[in-house]
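Computed over heavy atoms, backbone and side chain alike; hydrogens, waters and symmetry mates excluded.
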Amino acid sequence: MITQKTFSNKEALAYCLKLTEKGAKLSARWDGGFETLCIQLYLDERLFIDGKRSQKLSRYIAKHIVHKKVEAFQPPGYIQFDRVSARLLGRDMYSLEAEEQGRFEFEVKVPSDLWFDKVLIEIESVYGAAPTTIFEFSFQNGPIIPEMYTVLQDQLIARLTPEVERFLEEIMEKKEILVLGDRFVLSRDEFNKEGGMLKYKLNQLSYTYEKVAQSSIIIDFKSRAKRPRAF
């Protein structure tokens with residue numbers, strides 16, 4: 001494998017000083033991508049190509065802006081040379097997955113004379129699509145009437161689904177939802193008995209969303225390049 005050459009700190013600083021000695025503004029921009037970044041140099045806002053030397057500076061910048069917070073994917077950004085501080089200064093933007101829990105109120109109500117050991121509730125929506133809701137009873141032993149469970153499960157799903165849709169719609173007005181999803185396994189003794197009903201209150205749902213953040217970029221080579229070589 002052939003290693004592509006890049007500038008040393010001294011050489012990079014010397015080249016930046018040379019390009020900007022008459023007042024020109026030197027900057028670099030790049031689009032986000034995986035593994036390899038394509039750094040484009042600009043002089044006074046015009047695309048600048050100067051053979052091997054500009055390629056070396058592009059590789060030098062790429063080497064110093066690899067984002068530690070995002071594996072593989074490198075975010076888009078820009079950087080500009082500041083002659084006064086002898087530094088390259090800029091910003092980039094990157095997306096991260098963040099997880100939160102939102103307030104969600106739903107009461108599960110089951111007749112107390114209906115036998116079950118556990119209740120399984122699954123809720124999922126990907127990228128804001130119509131949510132999938134599952135409600136199932138599980139039991140080991142006891143009097144089981146299949147038709148009763150089926151009817152009750154369908155009724156609970158019919159109540160639960162529009163509430164999830166409403167929750168999803170409210171969250172999506174503020175955030176870019178990636179996955180809305182939760183799984184609840186409720187044992188019978190977690191329910192509260194009120195009259196002839198067993199009740200359990202759900203109070204939150206989990207979701208992941210895309211969080212866009214900015215990060216400052218500073219490439220400071222002055223302290224390590226006290227005597228830049230002239231070109």
ask   = Just by modelled atom types, is the Leu160 backbone N or O under 3.5 Å from a matching donor or acceptor in the Glu163 side chain?
value = no
ask   = Would you say the side-chain atoms of Asp44 pair up with the backbone N or O of Lys25, donor to acceptor, closer than 3.5 Å?
value = yes
request  = List the steps, then state whether side chain to side chain donor-acceptor pair (under 3.5 Å) holds for Asp50 with Tyr15.
outcome  = CA-CA 11 Å; Asp50 183 28; Tyr15 188 50; 2.7 Å; yes
query = If you group Ile, Leu, Val, Met, Phe, Trp and Tyr by side-chain heavy-atom gaps below 4.5 Å, do Leu88 and Leu43 land in one group?
reply = yes
ask   = Does the side chain of Lys109 reach to within under 4.5 Å of the side chain of Arg159, using non-hydrogen atoms?
value = yes
inquiry  = Tell me whether the rings of Phe167 and Phe104 are parallel (<30°), tilted (30 to 60°) or perpendicular (>60°).
reply    = perpendicular
key: N/O donor-acceptor pair under 3.5 Å between Thr161 side chain and Ala158 backbone   = no
request  = Identify whether NZ of Lys or CZ of Arg in Arg59 sits under 6.0 Å from the centre of the six-membered ring of Phe7 and within 45° of that ring's axis.
outcome  = no
query = For the side chain of Thr208 and the backbone of Leu178, is there at least one donor-acceptor N/O pair under 3.5 Å apart?
reply = no
query = When you measure from the side chain of Asp182 to the backbone N and O of Ser206, does any donor-acceptor pair fall under 3.5 Å?
reply = yes
request  = Using only heavy-atom distances, determine whether the side chains of Glu190 and Ser187 contain a donor-acceptor pair under 3.5 Å.
outcome  = yes
query = CG/Asp117 to CZ/Arg188 distance, rounded to the nearest 0.5 angstrom?
reply = 8.5 Å
inquiry  = Parallel, tilted or perpendicular, judged at 30° and 60°: which one describes the rings of Phe81 and Phe221?
reply    = tilted
request  = Answer yes if Phe106 and Leu198 sit in the same cluster of Ile, Leu, Val, Met, Phe, Trp and Tyr residues linked by side chain heavy atoms under 4.5 Å apart, and no otherwise.
outcome  = yes
inquiry  = Salt bridge or not between Glu170 and Lys175? Use side-chain N to carboxylate O under 4.0 Å.
reply    = no
ask   = Any side-chain donor paired with an acceptor under 3.5 Å for Tyr207 and Glu99?
value = no
request  = Decide whether Asn9 and Tyr60 meet the rule of one side-chain donor and one side-chain acceptor closer than 3.5 Å.
outcome  = yes
request  = Indicate yes or no for a side-chain donor-acceptor contact from Ser112 to the backbone of Gly196 under 3.5 Å, with no hydrogens or angles considered.
outcome  = yes
ask   = Which is it for Arg53 and Glu11 under the salt bridge (charged side-chain N to carboxylate O under 4.0 Å, His left out) test, yes or no, and what are the steps along the way?
value = CA-CA 10 Å; Arg53 291 190 296 179; Glu11 291 170 333; over 6 Å; no
Short side-chain to backbone donor-acceptor contact, Ser125 and Ala129, under 3.5 Å = yes
query = Under 6.0 Å between the ring centres of Phe137 and Tyr149?
reply = yes
message = Check for me, please, whether Leu114 and Met197 land in the same ILVMFWY cluster - side-chain distances under 4.5 Å, paths through other members count.
response = no
